[in-house]
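Just below is one structure, and these are the notes that go with it.
Just so it is clear, the structure is predicted and the values come from calculations on it, not from any experiment.
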Number of protein chains: 2
Amino acid sequence: MSKIKESSTNFANKQALMEECSEVYAANIIGGQWALVICSWLLNGKLRFGELKKLLPTITERMLTLQLRKLEENKIVKRTVYAEVPPRVDYELTEIGYDLGPVIKLLEKWGEKHKSL
Amino acid sequence: MSKIKESSTNFANKQALMEECSEVYAANIIGGQWALVICSWLLNGKLRFGELKKLLPTITERMLTLQLRKLEENKIVKRTVYAEVPPRVDYELTEIGYDLGPVIKLLEKWGEKHKSL
DNA sequence: TAGGGTACTATAAAAAATGTAAGTAATGTC
DNA sequence: GACATTACTTACATTTTTTATAGTACCCTA
């Protein structure tokens with residue numbers, strides 16, 4: 001996370017690949033240590049920051065924030081802030097976020113099969 | 001690529017997630033800058049090292065080697081060496097490698113849709 | 001004997017991702 | 001007035017991934 005260096009070869013390679021291959025594009029969006037698990041949980045409905053934190057006991061707050069921000073930028077989750085004190089924020093999948101359901105399920109199935117090799 | 005530090009928190013987190021979530025497990029296997037594209041190409045049939053290199057003009061030989069090795073370790077591709085000079089090696093998907101077809105296709109479809117937002 | 005082709009390997013460095021630790025703001029409760 | 005609550009932010013350190021560059025071995029051809 002942090003900023004990407006637009007001058008790096010890595011950046012250029014990624015860009016090129018993402019343009020040509022939608023799978024790579026998709027993989028880049030849902031890539032990242034925690035993104036998939038977060039989406040998995042959110043498939044069951046909206047959750048608060050703190051609830052996610054509890055579900056992912058080993059994630060740091062920084063990482064959770066970063067991943068949620070990235071998902072938000074990519075329009076996979078919608079962030080709702082309630083003007084309360086203490087603060088309350090919840091996260092919910094967008095339509096295309098929910099569309100990840102089948103993708104995740106298929107990945108999961110493939111993973112299961114692979115594990116059993 | 002290179003060795004993973006088994007003492008790092010990162011390693012512990014990955015392990016735990018992969019055990020619990022097969023999607024994450026799968027994502028880790030096909031993750032990495034080039035793995036998915038390589039698999040995509042191989043879905044059409046076996047290819048030689050040099051052919052892959054030509055198909056991925058910007059990949060470095062080192063990266064291609066690393067990714068192929070990782071895929072091989074994970075039993076996604078099969079490596080065949082012919083005792084010739086100059087050397088000839090080809091790479092072909094295994095059965096479970098070919099099973100990635102639908103996964104990739106679904107990812108691709110989702111990516112397309114997401115792009116058009 | 002020099003050069004070409006093939007599939008690599010070694011080493012270093014740059015870039016990106018992840019983790020650690022501490023702090024912030026606003027309000028209600030003790 | 002001290003403290004708890006919640007969802008963060010910031011600065012910094014470490015780990016992991018990716019790129020850069022230069023070799024290697026082998027035989028064949030010119």
Looking at DNA chain D, which of [range] put a heavy atom within less than 4.0 Å of it?
range                     : answer
residues 47-55 of chain A : A:Arg48, A:Phe49, A:Gly50
residues 78-89 of chain B : B:Val85
residues 9-25 of chain A  : A:Thr9, A:Asn10, A:Asn13

Suppose we screen for side-chain contact (heavy atoms from CB on, under 4.5 Å). Which residues come up paired with [X], at least two apart in sequence or across chains?
X       : result
A:Ala27 : B:Leu36
A:Leu43 : A:Leu93, A:Tyr98, A:Ile104
B:Gln15 : B:Phe11, B:Met18
B:Val89 : B:Arg79, B:Val81, B:Tyr91

- [ ] Could you check whether A:Thr65 gets within reach of a base, just the sugar-phosphate, or nothing at all, counting any heavy atom under 4.0 Å?
- [x]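 Base contact.
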TODO: Identify whether any heavy atom of A:Thr60 sits under 4.0 Å from a base atom; if not, whether one sits that close to sugar-phosphate; answer base, sugar-phosphate or nothing.
DONE: base
Could you tell me how far apart [X] ([atom1]) and [N] ([atom2]) are, to the nearest whole angstrom?
X       : N      : atom1 : atom2 : result
A:Ile29 : C:dA17 : CD1   : P     : 14 Å
A:Met63 : D:dT9  : CE    : P     : 13 Å
B:Lys70 : D:dT16 : NZ    : P     : 13 Å
A:Lys5  : C:dA17 : NZ    : P     : 13 Å
A:Ile4  : C:dT18 : CD1   : P     : 13 Å
A:Leu66 : C:dT20 : CG    : C1'   : 13 Å
A:Leu64 : C:dA17 : CG    : P     : 17 Å

Identify, with sequence neighbours excluded, every residue that meets side-chain hydrogen bond (donor to acceptor under 3.5 Å, both in side chains) alongside [X].
X       : result
A:Lys75 : none
A:Thr58 : B:Asn13
B:Glu20 : none

- [ ] Hey, which sits more toward the 5' end of DNA chain D by its nearest nucleotide, B:Glu6 or B:Ile59?
- [x] B:Glu6
Open item on the list: Using side-chain heavy atoms (C-beta onward) and a distance below 4.5 Å, is A:Leu52 in contact with A:Leu64?
Closed with: yes
Open item on the list: Does anything in residues 28-45 of chain A form a side chain to side chain donor-acceptor pair (under 3.5 Å)? List the pairs, not counting sequence neighbours.
Closed with: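 The answer is A:Ser40-B:Glu23.
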Task: Options C:dT18, C:dA16, D:dT19, nucleotide nearest the side-chain atoms of B:Gln33 - done: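 Shortest atom-to-atom distance from the side chain points to D:dT19.
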TODO: Using only side-chain N and O atoms of A:Gln67, determine if any of them is under 4.0 Å from OP1 or OP2 of C:dA17.
DONE: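 Looking at the OP1 and OP2 atoms of C:dA17, neither is under 4.0 Å from any side-chain N or O of A:Gln67.
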- [ ] State whether B:Arg69 places a side-chain N or O below 4.0 Å from either non-bridging phosphate oxygen (OP1 or OP2) of C:dT9.
- [x] yes
Task: C:dT18 base / A:Arg62 side chain donor-acceptor hit below 3.5 Å - done: yes
Task: Pairs touching residues 98-108 of chain A that satisfy salt bridge (Lys or Arg N to Asp or Glu O under 4.0 Å), sequence neighbours left out - done: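 The answer is A:Asp99-B:Lys113.
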Open item on the list: Can you confirm whether A:Glu92 is buried at CD, in the sense that more than 12 heavy atoms of other residues, nucleotides or ligands lie under 6.0 Å from that atom?
Closed with: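 Yes.
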Open item on the list: As a quick check of understanding, evaluate side-chain contact (heavy atoms from CB on, under 4.5 Å) for A:His114 and B:Asn74, giving each step before the final call.
Closed with: CA-CA 9 Å; A:His114 188 276; B:Asn74 288 320; 4.3 Å; yes
